[in-house]
Structure formats: structure tokens, C-alpha cells
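To keep things clear, I will list the structure first and then write my remarks on it.
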2 protein chains.
Amino acid sequence: MDDIDRALVLRLQQDAGQSYAALGAAVGLSAGATHERVRKLRERGVIRRTTVDVDPAAVGSGVLAYVMVDSNAWMGESGEAFAAIPEIQEAHIIAGSASVMVKVRTATTGQLQDVLRRLYAIDGVIGTHATVVLDTFFERPLPL
Amino acid sequence: MDDIDRALVLRLQQDAGQSYAALGAAVGLSAGATHERVRKLRERGVIRRTTVDVDPAAVGSGVLAYVMVDSNAWMGESGEAFAAIPEIQEAHIIAGSASVMVKVRTATTGQLQDVLRRLYAIDGVIGTHATVVLDTFFERPLPL
DNA sequence: TCAGAATGCCGAATGAAATTCGGCCTGATA
DNA sequence: TATCAGGCCGAATTTCATTCGGCATTCTGA
């Protein structure tokens with residue numbers, strides 16, 4: 001993981017569709033060497049996968065909310081219960097008054113309400129506190 | 001935006017590196033037609049870009065926190081002030097007691113503290129409330 | 001310090017994939 | 001029903017990914 005690797009990851013985050021030749025030229029390597037570097041970054045798990053960034057509103061997920069989930073038990077093994085709710089995009093164990101925080105995307109606030117209902121159905125969950133996002137300034141890749 | 005488009009977006013989210021031939025076979029289209037569909041999805045902005053998913057810990061961002069930012073003024077035009085802090089990965093205007101919520105990734109909690117310091121320096125910011133993530137269950141693509 | 005091994009890079013060769021296009025079919029329009 | 005636009009297929013062409021031999025540099029251990 002040297003400066004070249006970091007530069008490669010940075011540029012791939014910005015555009016994973018460019019050719020290895022272009023990518024290599026940007027960091028001063030041949031296409032072959034660039035290919036090998038990127039292959040190893042994947043192998044090591046630094047790059048997990050290549051994906052596309054989708055406009056949530058365009059695919060029917062215009063409502064974004066963060067939900068703090070309160071519980072009366074240790075939630076450390078409940079990951080799958082949260083994963084079973086497809087509208088949940090992220091789920092984290094947190095330090096603080098609540099024990100879990102989830103990021104939810106739905107088409108409408110009605111569906112958001114339904115997600116809250118399903119959260120309550122999870123073992124140990126005793127309360128939720130939803131924070132609705134009114135506007136997103138930005139969502140961007142990791143700093144490097 | 002029909003069922004085929006949705007299937008394409010779904011599969012591209014899972015793996016944007018596959019060939020148009022494979023992608024087309026999965027949805028019942030030729031490589032050429034698939035190429036054209038995807039081109040239009042990009043053109044319409046449904047697909048914003050193709051990128052790589054990076055392991056944060058591997059690039060020196062092992063600490064994740066969400067920070068509620070309190071203010072004494074309308075923050076609607078302050079997006080750039082938040083964007084100027086590279087450790088902030090997302091920034092949203094929210095409904096509720098705080099006015100802005102940001103997602104922060106740093107290498108250490110010391111750097112997190114430094115980010116809070118810089119948040120306080122933004123015009124109108126009068127307080128922060130950080131929630132540190134202890135463990136991430138999952139982070140995944142949009143539901144479709 | 002020196003031989004051997006390992007690593008990383010370059011440049012060329014080869015096969016696979018992206019991209020382009022003409023022609024055909026279907027559904028909508030008037 | 002005649003016309004037109006949109007979408008798909010399949011082939012042709014160009015570009016790119018991937019693989020490899022050979023060379024230089026660095027690392028290891030004696």
C-alpha cells in the first residue's frame with residue numbers, strides 16, 4: 001500500500017470504467033503493471049468490488065432517514081434480523097444511549113413507518129427514534 | 001425504467017465489471033441491446049458513475065462516527081463548508097432537534113476530535129453530538 | 001560484500017469485450 | 001392502413017484486458 005496504490009484506488013473510486021492504460025498513465029505505470037497492482041488490491045480486500053452509483057430517487061427510494069434503535073438486550077448477534085429488512089441500507093452497533101443505528105431508504109414516509117414497525121418486531125428492540133433527511137448536501141467516496 | 005432496467009441496475013450494483021454479454025444473458029437481451037440500455041441509464045442519471053467499493057480500514061479510516069450538528073442559523077447554504085472537511089463522507093440537512101447530520105471517517109479518535117473542532121469553526125454551528133460506531137453489521141446497495 | 005531469490009515493471013502477443021451499424025420487427029400515430 | 005419511432009439482433013471493427021518473457025532493483029542470508 002504505497003502512494004501509487006492510493007492514487008489508483010482514488011482514481012478508481014472516481015471512475016472505475018477507465019482503461020488500465022489511462023489509469024496507468026495517470027500514475028506513471030504501464031497497463032500491464034497497473035493491471036497487476038489492481039489485481040492485488042482486490043486480492044488483499046482493499047478493493048471489495050466494482051459497482052455503480054445509483055440515484056436513489058430514480059429507483060424509488062426518495063426518502064432517507066436514520067433511525068436510532070433502543071433495546072433491552074445485547075444486539076451484537078442481531079445483524080441478520082436487520083439485514084432481513086431490505087430498506088435498511090446500513091446497520092451499525094453504536095456507543096451511546098441507543099444501541100443500533102440504521103440508515104433507511106424508502107419511496108414514501110408511509111413505507112418508512114412500515115420499516116419502523118418491522119424494527120419493533122425484532123427481538124430486544126424497545127424503541128426507535130427516526131431522523132428524516134430533508135436534503136443531502138453530498139455523499140462522496142472515502143478520503144485518501 | 002421498466003423491469004429490465006431495474007434488473008440491469010441491480011446486477012450492475014452487485015458487479016459492474018461483468019461483460020455486457022453476461023449481463024444481457026441474465027436479463028434476456030443481446031450484448032448490443034444491453035449496452036444501449038445501460039448507456040441510456042447513465043444518460044438519464046439513473047446510474048451516476050461506476051466506482052469501486054473500498055475497505056475503509058485498509059485505507060486508514062478505521063473510525064466511523066455520525067455527528068449531529070446544532071446551529072443557531074439556517075444551514076441550507078453551508079454545504080461547501082462541510083465539504084471542505086475531507087473526513088466528512090456525507091452531510092445532510094435533517095428534521096429534528098439538530099439541523100445537520102454528518103458521517104465522518106478517520107483513522108483515530110484523535111482525528112475525530114479534530115474534525116469536531118473544525119465543525120465548530122463553521123459559521124452558525126453551536127454544538128455537536130457524536131455517535132461512534134463500534135461495529136458495522138453491513139453496508140449494502142440500494143434495494144430494488 | 002556477494003550470490004540467489006523475489007518483486008515489480010515494461011512491451012509485445014493474444015484473446016475477449018466494447019462499441020458501432022444495418023436491417024428487421026412491433027407498437028403507436030394519424 | 002400507411003408511416004414512423006423505438007428497441008432488438010447479429011455481425012464487423014476497434015479497443016482493451018490479460019498473459020508472458022525478459023530485465024532491473026531490492027531483499028536475504030551467508
Side-chain angles (χ1 to χ4, degrees), chain A residues 1-62 86 107 139-144, chain B residues 1-62 86 107 139-144:
Chain A
M1 202 59 201
D2 57 10
D3 287 330
I4 293 182
D5 282 336
R6 264 183 292 277
L8 289 175
V9 171
L10 179 64
R11 286 168 188 281
L12 283 173
Q13 281 190 322
Q14 294 165 347
D15 176 10
Q18 64 192 300
S19 71
Y20 285 112
L23 197 53
V27 301
L29 285 181
S30 70
T34 304
H35 184 270
E36 178 67 7
R37 286 252 191 182
V38 173
R39 190 189 63 72
K40 286 182 180 169
L41 285 168
R42 291 182 193 285
E43 187 178 81
R44 275 183 260 153
V46 176
I47 294 176
R48 290 166 167 164
R49 64 174 167 179
T50 102
T51 183
V52 291
D53 189 13
V54 175
D55 177 8
V59 296
S61 294
E139 290 181 289
R140 63 188 180 190
L142 253 42
L144 284 176
Chain B
M1 202 60 202
D2 58 10
D3 287 328
I4 292 183
D5 280 337
R6 264 183 292 278
L8 289 175
V9 170
L10 179 65
R11 285 167 189 282
L12 283 173
Q13 281 190 322
Q14 294 165 347
D15 176 11
Q18 65 193 298
S19 71
Y20 285 112
L23 199 53
V27 301
L29 285 183
S30 72
T34 303
H35 183 269
E36 178 66 8
R37 286 253 191 178
V38 174
R39 190 190 63 71
K40 285 182 180 170
L41 285 168
R42 291 181 192 286
E43 187 179 81
R44 276 183 259 153
V46 177
I47 293 177
R48 291 168 167 161
R49 64 175 167 178
T50 104
T51 182
V52 291
D53 188 14
V54 175
D55 177 10
V59 296
S61 294
E139 289 182 287
R140 63 188 181 190
L142 252 43
L144 284 175

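Here is the naming used below: chain letters follow the sequence lines, and residue numbers restart at 1 for every chain.
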**Prompt:** Please, which pairs that meet salt bridge (charged side-chain N to carboxylate O under 4.0 Å, His left out) have at least one residue in residues 12-28 of chain A, sequence neighbours excluded?
**Reply:**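 Checked against salt bridge (charged side-chain N to carboxylate O under 4.0 Å, His left out) - neighbours excluded - no pair reaches residues 12-28 of chain A.
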**salt bridge (charged side-chain N to carboxylate O under 4.0 Å, His left out) pairs, two or more places apart, involving residues 53-62 of chain A** =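 Salt bridge (charged side-chain N to carboxylate O under 4.0 Å, His left out) check on residues 53-62 of chain A returns Asp53(A)-Arg49(B), Asp55(A)-Arg48(B).
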**Request:** Return each pair, listed once, that meets ring-ring contact (aromatic ring centres under 6.0 Å, His included) where at least one residue sits in residues 10-60 of chain A; pairs must be two or more places apart or across chains.
**Result:**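 Those involving residues 10-60 of chain A are Tyr20(A)-His35(A).
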**Prompt:** So which pairs with a foot in residues 38-58 of chain A pass ring-ring contact (aromatic ring centres under 6.0 Å, His included), sequence neighbours left out?
**Reply:**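 Residue pairs passing ring-ring contact (aromatic ring centres under 6.0 Å, His included), neighbours aside: none found.
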**Request:** Using the test salt bridge (Lys or Arg N to Asp or Glu O under 4.0 Å), find all partners of Arg42(A) that sit at least two apart in sequence or belong to another chain.
**Result:**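 Salt bridge (Lys or Arg N to Asp or Glu O under 4.0 Å) check on Arg42(A) returns nothing, list empty.
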**Message:** Going by the rule salt bridge (Lys or Arg N to Asp or Glu O under 4.0 Å), which residues pair with Asp5(A) if we only count those two or more places apart in sequence or in a different chain?
**Reply:**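 So Asp5(A) forms a salt bridge (Lys or Arg N to Asp or Glu O under 4.0 Å) with Arg37(A), Arg44(A).
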Do any N or O atoms of the protein come closer than 3.5 Å to N or O atoms of nucleotides 13-15 of chain C, and which pairs are they?
none

Report the residues that fulfil side-chain contact (heavy atoms from CB on, under 4.5 Å) with [X], sequence neighbours left out, ordered by chain and then residue number.
X	answer
Ala22(A)	Gln18(A), Ser19(A)
Gln14(A)	Leu10(A), Arg11(A)
Glu36(B)	Arg39(B), Lys40(B)

**Request:** Begin with the C-alpha distance, continue with both residues' side-chain angles, and end with the deciding distance and a verdict on side-chain contact (heavy atoms from CB on, under 4.5 Å) for Thr50(B) and Thr50(A).
**Result:** CA-CA 7 Å; Thr50(B) 104; Thr50(A) 102; 5.7 Å; no
**Request:** Using a 4.0 Å heavy-atom cut-off, write out nucleotides 7-18 of chain D from 5' to 3' as B (base contacted by protein), S (sugar-phosphate only) or - (no contact).
**Result:** SSB------SSS
**Asked** Roughly how bent is the helix from dT1(C)-dA30(D) to dA30(C)-dT1(D) end to end, in steps of 10 degrees, with each end axis from five pairs?
**Response**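 The value is 40°.
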